[in-house]
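In this text the structure is predicted, and so the values were computed from the model without any measurement. Side-chain atoms are counted along with the backbone in the values below, which use heavy atoms only and exclude waters and symmetry mates.
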Amino acid sequence: MSRERLYLFDTTLRDGAQTNGVDFTLQDKRVIARMLDELGIDYVEGGYPGANPTDTEFFSSNPGFDHARFTAFGMTRRPGRSASNDPGLAGILEAKADAICFVAKSSAYQVRVALETTNEENLASIRDSVAAARALGREVMVDCEHFFDGYKESRDYALACAKAAYESGARWVVLCDTNGGTMPHEVEAIVGDVVRHVPGSHVGIHAHNDTEQAVANSLAAVRAGARQIQGTLNGLGERCGNANLCSLIPTLRLKGELADRFEIGVTAEKMATLMKVSRTLDDMLNRAPNRHAPYVGESAFVTKTGIHASAVLKDPQTYEHVSPESVGNHRKVLVSDQAGRSNVIAELDRAGIAYDRSDPRLTRLVEELKEREAAGFAYESANASFDLLARRTLGKVPEYFKVEQFDVNVEQRYNANGQRVTVALAVVKVDVAGERLISAAEGNGPVNALDVALRKDLGKYQKYIEGLKLIDYRVRILNGGTEAVTRVLIESEDENGESWTTVGVSPNIIDASFQALMDSVIYKLVRSCAPA
């Protein structure tokens, strides 16, 4: 039995960028877009060319995705202008994009109040803009803004906007619940009416989450005939956010009613990376992940001791609606010694660390993990630091070298060109097999200086760390006040492109950073099988 194709459209980089506190850099956009393409998303909306320098630069070249279609967002032509005499429209058409998504009013009230034009001029704007993009060979879609509110106000005009887009050549007519207040039964009924005028294979849904129903509304639209879903990673978006693709993707793939009927571009193999994708985005934005997020949250498959935990240990299906591994997550059973040991053993198996189940040091590792996580360490995000903690507790990490002392100074001074600059100088003293080595280095900040100084001379171990480099550095303040505790996450990479993350926690940001740096270097030595 053949399944119908459902298309996934990601607007994290455009609508998600409207989230309070989110500000993507150009490099952020490139990394996230590539990650979405690798996941199997069909359309990646990169932003609004011409609206700001970052988006304009982003669309100055086409990234050449393997799967996704690179999509530019923008408004239809302004009222009173022709398609050939609208600078905003010209900027969108010039973007190096595979597809263009126009936003157009589909509410008579919005046309009258927001655009201050006539219904007829708004329809002409839709037709002209779609035709202009189609003439350039672009795939075109139209986001019918305020569609559901507009439909309830004037069904005929809302449908006229949708039909104007489709009849002018739009591949997709996307119905937007812009204010996020429509209920699932309303969405299903209205979409059901729309697909009698515009084929469902050309209809999409764009739902906002103001009533906590964006995912439900998206699925209601699919049941009624829509075949494109727009959303964002982790539900980013203005106000309360957009439909969360991290919830929609596994629901579409794992729930029989949907999985038996529809096919999506995200394979089972790629869906197993979903938790990593979700966490990567949060880490890039320096946001604490939502522990209680469906499917990908840290607590999504957590059970505390008691009758639930007892049942899960016998058969996970007793309290799990899907396999956590299917989305890259894993189960945890908390609190009791038995549960803690089971959880740690699962982590050791994943890390490939050998152990003896009867080893009393496993209990010590459980307690150590609890204490350190209570202090602020985040081993879920720092795989390498967990690996080292486990190996140290089980007695399997050599003391390659010992840092006797480090010192960091930051000063402002004038350089040779008479410019005032801030320079950090770090000095690190290490003992390597009885030999004292002292290294000094300058950096553009104290952490950079420490990193360079630490890796400048490690004696006989220097050859093992030549390819090591720091590629990301993230800081999070764990509590407020003058005694705030700082967590530092450092991502490192070796000469083969393999990466790992380490963590440090301290009231002193330099101390926390140095902990993470030390773990990174030692982990590289362990991976390289450096001799003790």
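Checked by atom type, the side-chain pair Ser125/Thr76 shows a donor-acceptor distance below 3.5 Å. His67 and Asp42 form a side-chain donor-acceptor contact under 3.5 Å, judged by distance and modelled atom types alone. Inspection of the Asn122 and Tyr157 side chains reveals an N or O donor paired with an N or O acceptor under 3.5 Å. Neither side chain, Asn290 nor Asn234, offers a donor N or O lying under 3.5 Å from an acceptor on the other. In this model, a donor atom of one side chain and an acceptor atom of the other lie less than 3.5 Å apart for Ser323 and Glu325. For the residue pair Tyr43 and Gln228, no side-chain donor N or O sits within less than 3.5 Å of a side-chain acceptor on the partner. Between the side chains of Thr71 and Glu45, not a single donor N or O lies within less than 3.5 Å of an accepting N or O.
Judged purely by atom type and a 3.5 angstrom limit, Lys163 has no side-chain atom pairing as donor or acceptor with the backbone of His197. Remark: side-chain polar atoms of Thr19 are not paired, donor with acceptor, to backbone N or O of Val22 under 3.5 angstrom. No donor-acceptor pair under 3.5 Å is formed between the side chain of Thr501 and the backbone N or O of Ala382. Between the side chain of Arg3 and the main chain of Ala259, a donor-acceptor pair closer than 3.5 Å is present. Of the possible donor and acceptor atoms, one in the side chain of Arg253 sits under 3.5 Å from a partner among the backbone N and O of Val266.
Taking the side-chain contact (heavy atoms from CB on, under 4.5 Å) definition, one finds that Arg227 meets it with Glu4, Leu6, Trp172, Val222, Arg261, Phe262, sequence neighbours left out. Take Glu238 and apply the salt bridge (charged side-chain N to carboxylate O under 4.0 Å, His left out) test, not counting sequence neighbours, and it matches no residue.
Using cut-offs of 30° and 60° for the angle between ring planes, the His206 and His208 rings count as tilted.
More than 12 non-hydrogen atoms from other residues, nucleotides or ligands lie less than 6.0 angstrom from CG of Asn496.
Sequence neighbours left out, the pairs with a member in residues 86-96 that pass side chain to side chain donor-acceptor pair (under 3.5 Å) are Arg78-Asp86.
Rounding to the nearest 0.5 Å gives a distance of 10.0 Å between CD of Glu38 and CZ of Phe65.
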